[in-house]
Number of protein chains: 2
Amino acid sequence: MNIYDVADKAGVSIATVSRVINGNQNVSEKTKEKVLSIMKELGYTPNVFARGLGLNTMNTVGIMCTDSSDPFLANAVYYIEQELRKNGYDSFLCCTGYELKNKQNYLNLLLSKRIDAVILIGSSYLESNVKDNSYIMEAAKEVPVMLINGYLNKPNIYCTLCDDQQATYNATSLLLKEGRKNILYLYTTKSYSGIQKMKGYKEAILTKQSTIDEVYIQSCPNNIEKVKDRLLKLSEDGLVFDGIVTSEDLLAVGSLKYAKTKGISVPEELSIIGYNNSILASCCEPELTSVDNHVETLSLTTVGTLMRVLSGNTVPNRTVISTDLIIRNTTNFSKDIRSLL
Amino acid sequence: MNIYDVADKAGVSIATVSRVINGNQNVSEKTKEKVLSIMKELGYTPNVFARGLGLNTMNTVGIMCTDSSDPFLANAVYYIEQELRKNGYDSFLCCTGYELKNKQNYLNLLLSKRIDAVILIGSSYLESNVKDNSYIMEAAKEVPVMLINGYLNKPNIYCTLCDDQQATYNATSLLLKEGRKNILYLYTTKSYSGIQKMKGYKEAILTKQSTIDEVYIQSCPNNIEKVKDRLLKLSEDGLVFDGIVTSEDLLAVGSLKYAKTKGISVPEELSIIGYNNSILASCCEPELTSVDNHVETLSLTTVGTLMRVLSGNTVPNRTVISTDLIIRNTTNFSKDIRSLL
DNA sequence: TTGTAGGCGTTATCAG
DNA sequence: CTGATAACGCCTACAA
């Protein structure tokens, strides 16, 4: 079943059928209807390969994320996929994991599939070693590369990110205003946004004291138990803290488990702020105050930008979205403090 | 850049290059090496469209899920994607949402992309109205259809499911053994596995009493607040219950929030069992006892089965995987009860 | 072992 | 407005 069958049955040439398929104007209303009805009757669908061969595109965008079971990434994947489809694009998904080698392989694989663009979700695609990002720049020579929560100022790379630095700055500042003296910062990776977040934390701390005590900055695997154990250890070692700012909700949940284990009351004795405002934030007890980085907006903006790029517009290389702090019950903000938001 | 460029530069014909690409034996070691080095030098990758045109396959599997931001589905997507890739297959992801019309459209879309198979994750693809499933049967005429947590005994449809009925039967029975008198069952949808789970609950209840009181079976949106409100309402209306079995972890979390609001202690006064053993189960407080339906095994088994189907083996139409009950702190099982597991 | 040539199903460019 | 025909890049008999 191909375009010839349709043409035969409709008594026209394949060229005419092709025109109908592609909505070309130069077809009389009569033949158009005729052809359409035959196509329906035969249940004909054009062969995407043949089409792709001619056009060298399949209206497909590659999506890469490290781990689609991470709630934040999963949400982004969802919104992006939906939005792409609304715009007539399909999506290839790749869950690459965290190893550089795999990321590179997957990206090459996507390129070899003649995708029209690629979207990298999450700042973990930006290695701290600048050279290691060259594979992204290479890819950008072939197709537009969209970065979510990462920043790389290079041709044909478009970045949508949220203002992570401002977000942790605000979060930390509010804890300070709340009267917290020793605020711990927990993070998982030194990815691009990881670094931004840390900057915000440091900046806020430096408004109150002249130096940063590095022991208050702790990197930790993104795992509830691991976080709990780490905090127990730190506490045993004599570290005193009454506030925790985290780079992920899960780290905050782990912190809650620590507090529970030690019988520390939250937020009376310890304030905790999560990040991402994921479903986890409203599952735990007490529910997490958390930074909402607007996954949905981030995702839709990215796709919107991509569409403009694909239709040949010149588009700014960087779009920054502001965050909100969603106040729940792991912080103890007064009316005055809340009014600052 | 195409096969001709490579052939020219290597001083051979395109046929020879093609043979090298496809690992055909009939090429002398020398020419093979020559061609390979030229391909590397030029950075040549075969055009998938041209290839697909001839072979009419792209080694691509379509994955459909209703909502990739659901933790269970997200996990499944992750494992499936990884496993497919290990087997040399790419994946198209579609997040279809819950409306039948959309599901149908997406499935047709995938078929028109000449995918080699399609995997439907989650029992929400099986409508209770049997006729509404005919689109799946239609699809199965073209490519193998893999169903995860759904069952349809039709040609070219292969189902991998976990023993949901047994799981809720066990969960409910254990609560009864624990001494619970009035056990509520909360569920979200009457999908295939939804029905199985409910059967298990009823079966267990009927071992203790002669009839089911339907008011103890409540359907509820998959939303923490909604569940809480529903339970508060039921309680106000005078319904008495001391155990809750749910079809989703999120419903169990909502139940916890209800208990918290009413000052009911869990598990002393109320036992709660979740389903899926998702990350939510260990986030909340107390942590959820939950049915582990082994997403990973489910996913890997599905892909394994698919690979056997694609290589032409005859494969059983149905594979059932057993569940485990992961005991945490929302139940109060004695040593004796635990030993039953 | 290697090369030639036809075919896969479209789209696009010309003539008419 | 319509039709013939040449790409598109690859695979694979069939020949050599």
Side-chain angles (χ1 to χ4, degrees), chain A residues 1-40 42-60 88 90 109 111-116 142-143, chain B residues 1-40 42-60 88 90 109 111-116 142-143:
Chain A
M1 152 85 67
N2 57 27
I3 202 172
Y4 285 92
D5 299 328
V6 178
D8 276 357
K9 193 143 187 174
V12 297
S13 74
I14 61 161
T16 302
V17 177
S18 178
R19 288 190 189 99
V20 173
I21 295 172
N22 296 286
N24 189 310
Q25 297 299 314
N26 300 324
V27 186
S28 74
E29 198 57 36
K30 225 193 254 173
T31 29
K32 188 173 172 179
E33 276 177 28
K34 174 90 186 170
V35 170
L36 283 174
S37 78
I38 299 280
M39 292 203 316
K40 182 158 287 176
L42 265 51
Y44 163 78
T45 40
N47 181 309
V48 280
F49 299 135
R51 194 169 218 177
L53 229 200
L55 304 176
N56 204 36
T57 166
M58 224 171 62
N59 284 317
T60 300
D90 291 309
L109 194 89
L111 291 177
S112 77
K113 298 286 172 191
R114 299 296 198 273
I115 50 162
D116 298 292
E142 301 192 35
V143 295
Chain B
M1 154 83 67
N2 56 30
I3 202 171
Y4 286 92
D5 299 327
V6 178
D8 277 358
K9 191 143 189 176
V12 295
S13 75
I14 59 161
T16 303
V17 177
S18 177
R19 287 189 191 101
V20 172
I21 295 172
N22 296 288
N24 190 311
Q25 297 299 313
N26 300 324
V27 187
S28 74
E29 199 57 34
K30 227 193 254 174
T31 30
K32 187 174 172 181
E33 276 176 27
K34 174 90 186 171
V35 171
L36 282 175
S37 78
I38 299 280
M39 293 204 314
K40 183 159 286 178
L42 266 51
Y44 164 79
T45 40
N47 181 308
V48 281
F49 300 134
R51 191 167 220 178
L53 229 201
L55 305 176
N56 204 34
T57 166
M58 225 171 58
N59 284 318
T60 300
D90 292 308
L109 193 90
L111 291 178
S112 77
K113 299 284 173 192
R114 300 296 198 274
I115 50 160
D116 299 292
E142 301 192 34
V143 296

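What you see is a predicted model; the values in this text were computed from it and never measured. Just so it is clear: chains get the letters A, B, ... in the order the sequence lines come, proteins before strands, and each one is counted from 1.
Evaluation of the salt bridge (charged side-chain N to carboxylate O under 4.0 Å, His left out) rule for D90(A) yields R85(A), K113(B) as partners, not counting sequence neighbours. Contacts of K32(B) classified as salt bridge (charged side-chain N to carboxylate O under 4.0 Å, His left out), with partners at least two apart in sequence or in another chain: none. For the side-chain hydrogen bond (donor to acceptor under 3.5 Å, both in side chains) test, no residue two or more places apart in sequence or in another chain qualifies with S37(B). For T60(A), there are no side-chain hydrogen bond (donor to acceptor under 3.5 Å, both in side chains) partners, not counting sequence neighbours. With sequence neighbours excluded, the residues that form a side chain to side chain contact (heavy atoms under 4.5 Å, CB included) with S112(A) are T45(B).
Comparing T16(B) and T45(A) along DNA chain C, the residue whose closest nucleotide (by nearest heavy atom) sits nearer the 5' end is T16(B).
Note that the two end axes of the helix from dT1(C)-dA16(D) to dG16(C)-dC1(D) enclose an angle of 40°, each drawn from 5 base pairs, rounded to 10 degrees.
Between atom CE of residue M1(B) and atom CG of residue L42(B) there is a gap of 4.0 Å, rounded to the nearest 0.5 Å.
Checking the phosphate oxygens (OP1, OP2) of dT2(D), no side-chain nitrogen or oxygen of S13(A) falls inside 4.0 Å.
The minimum heavy-atom distance linking V20(A) with V27(A) is given by the pair CG2-CG1, 4.1 Å. For the pair N59(A) and G88(A), the tightest heavy-atom approach, listed with the atom from each and the gap, is CB-O, 3.8 Å. Minimum heavy-atom separation, I38(B) to A10(B): CG1-CB, 3.9 Å. When all heavy atoms are compared, the tightest approach of Y4(A) to I14(A) is CD2-CG2, 3.5 Å. Between V17(B) and A7(B), the closest heavy-atom pair is CG2-CA, 3.7 Å.
With rounding to whole Å, I21(B) atom CD1 is found 6 Å from dC10(D) atom P. Distance CE (M39(B)) to C1' (dC10(D)): 13 Å, rounded to an integer number of Å. If you measure from atom CD1 of I14(B) to atom C1' of dT12(D), you get 10 Å, rounded to the nearest angstrom.
Screening residues 43-58 of chain A for salt bridge (charged side-chain N to carboxylate O under 4.0 Å, His left out) gives no qualifying pairs among residues at least two apart or on separate chains. Sorted by first then second residue, the salt bridge (charged side-chain N to carboxylate O under 4.0 Å, His left out) pairs that include residues 15-30 of chain A, not counting sequence neighbours, number zero.
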* Apply the test side-chain contact (heavy atoms from CB on, under 4.5 Å) to residues L36(B) and M39(B): give CA-CA distance (whole Å), side-chain angles for both, the deciding distance (0.1 Å), then the verdict. => CA-CA 5 Å; L36(B) 282 175; M39(B) 293 204 314; 3.6 Å; yes
* Asked: Does the side-chain contact (heavy atoms from CB on, under 4.5 Å) test come out yes or no for Y44(B) and V35(B), once each step is laid out?
  -> CA-CA 11 Å; Y44(B) 164 79; V35(B) 171; over 6 Å; no
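Along DNA chain C, the stretch of nucleotides lying under 4.0 Å from any heavy atom of chain B spans, 5' to 3', dT1(C) to dG9(C).
Under a 3.5 Å cut-off, the side chain of D5(A) and the backbone N or O of D8(A) do not form any donor-acceptor pair.
Within residues 23-31 of chain B, the residues that place at least one heavy atom under 4.0 Å from DNA chain C are, in residue-number order, N26(B), V27(B), S28(B), T31(B).
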Atom pairs under 3.5 Å: protein N/O with N/O of nucleotides 7-9 of chain D:
unit_1: dG9(D); atom_1: N2; unit_2: A50(B); atom_2: O; d: 3.4

All N/O contacts under 3.5 Å from nucleotides 14-16 of chain D to the protein, with atom names and distances to one decimal?
none

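Within 4.0 Å (heavy atoms only), V12(B) reaches sugar-phosphate atoms of the nucleic acid but no base atom.
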